[in-house]
Amino acid sequence: MALPLIRVHWLNDSRAFRVLFLLEQLKLDYEIVSYRRDEDFRAPAELKKVHPLGRAPLIELEDRSTGKKKVLAESGYIFQYILSHFDTDGVLKNNDPDMAEKIQYYLYYAEGSLHPPLTVEFVLLMARKAPVPFPISYLVGMVTRKISSKYSAGELKNQIDYVEAEIAKNQGFLVGGKLSGADILISYPLMSVFDLGLAQKKDYPNISKLLDNLSTLDSYASAKKKDESLASDD
Ligand SMILES: N[C@@H](CCC(=O)N[C@@H](CS)C(=O)NCC(=O)O)C(=O)O
């Protein structure tokens, strides 16, 4: 049966990148509809016409014969759907049932446990950079540093220490010494942690090596090229 038409609703500087990366790795054809963040770094209202929450990524699947459309939201669910329906050659599949379950676990883990403290740290960074006059800036700095030191910095470290140890136990990948959708999904928050200066690569050699290895893949290069070209469009 013909695969449906896959349409990715893409937003600049977002998790949508990893969906492009996944689709490229599976060598699937897809279309992209692009959206730009506004001056407050929020998604534009048009995205709510596709899904009521208006967050990216969103995937639209269109049946080629009936034209019937289905919209998928949530990165973990999008990955699970694409992997189970469209990885027909088993490129990212692990045939060991325990390993396959572990991959599923990480599809939940990335958004459910790793991303929350990362999001808090990101919001605190944005608050610290906001152009407000003294003494408000001083107070903002004091409050954000307190929240960070009491909760999010330590919790983020707890999460990335865990990921580092898991990769060390799994021969350079998250699961069973083999590239899976879990590595592609988790690459986005891990790269963000380093890009935002929330951890140093030198302290996480296994995560750094995984990210370096992922970035040498042709699929990563093609996704990056598309992502950057869309980001530079006016
Ligand atoms: N848990 C959701 C999170 C989606 C999400 O928050 N996406 C961000 C981009 S990375 C977004 O759309 N932000 C725009 C906004 O908050 O207005 C997922 O994994 O898909």
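Whatever order the structure lists them in is the order used to number ligands and atoms, beginning at 1.
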Checking the N or O distance criterion of under 3.5 Å, is ligand 1 in contact with Ser14? no
Per-atom filter on ligand 1: closer than 4.0 angstrom to a heavy atom of Pro57 are 20 (O)
In ligand 1, the atoms that come under 4.0 Å of a heavy atom of Ala43 are 14 (C), 15 (C), 17 (O)
Got the closest protein heavy atom to [atom], with its distance?
| atom | value |
| --- | --- |
| atom 6 (O) of ligand 1 | Arg55 NH1, 2.7 Å |
| atom 19 (O) of ligand 1 | Ser75 OG, 2.8 Å |
| atom 12 (O) of ligand 1 | Ala56 N, 2.9 Å |
| atom 15 (C) of ligand 1 | Arg42 NE, 3.2 Å |
| atom 10 (S) of ligand 1 | Arg15 NH1, 3.0 Å |

Aromatic ring proximity, centroids under 6.0 angstrom, Tyr162 and Tyr109: yes
So, do Tyr108 and Phe79 have ring centers that fall under 6.0 Å from each other? no
For ligand 1, indicate whether the residue Glu111 contacts it via side chain, backbone, both or neither (heavy-atom separation under 4.0 Å). side chain
For a side-chain contact (heavy atoms from CB on, under 4.5 Å) with Tyr30, tell me which candidate from Glu24, Arg7, Glu60 qualifies. Glu24
Students often mix this up, so state it plainly: with edges at 30° and 60°, are the rings of [X] and [Y] parallel, tilted or perpendicular?
| X | Y | result |
| --- | --- | --- |
| Phe21 | Tyr220 | perpendicular |
| His9 | Tyr35 | tilted |
| Tyr81 | His85 | parallel |

Is it the case that one hydrophobic cluster holds both Leu92 and Ile82, taking links as side-chain heavy atoms less than 4.5 Å apart, direct or via other members? yes
Contact with ligand 1 for Arg37, non-hydrogen, under 4.0 angstrom: yes
Non-hydrogen atoms of Arg18 versus ligand 1: any pair closer than 4.0 Å? yes
Should Arg18 and Glu111 count as an ion pair when the cut-off is N to O under 4.0 Å? yes
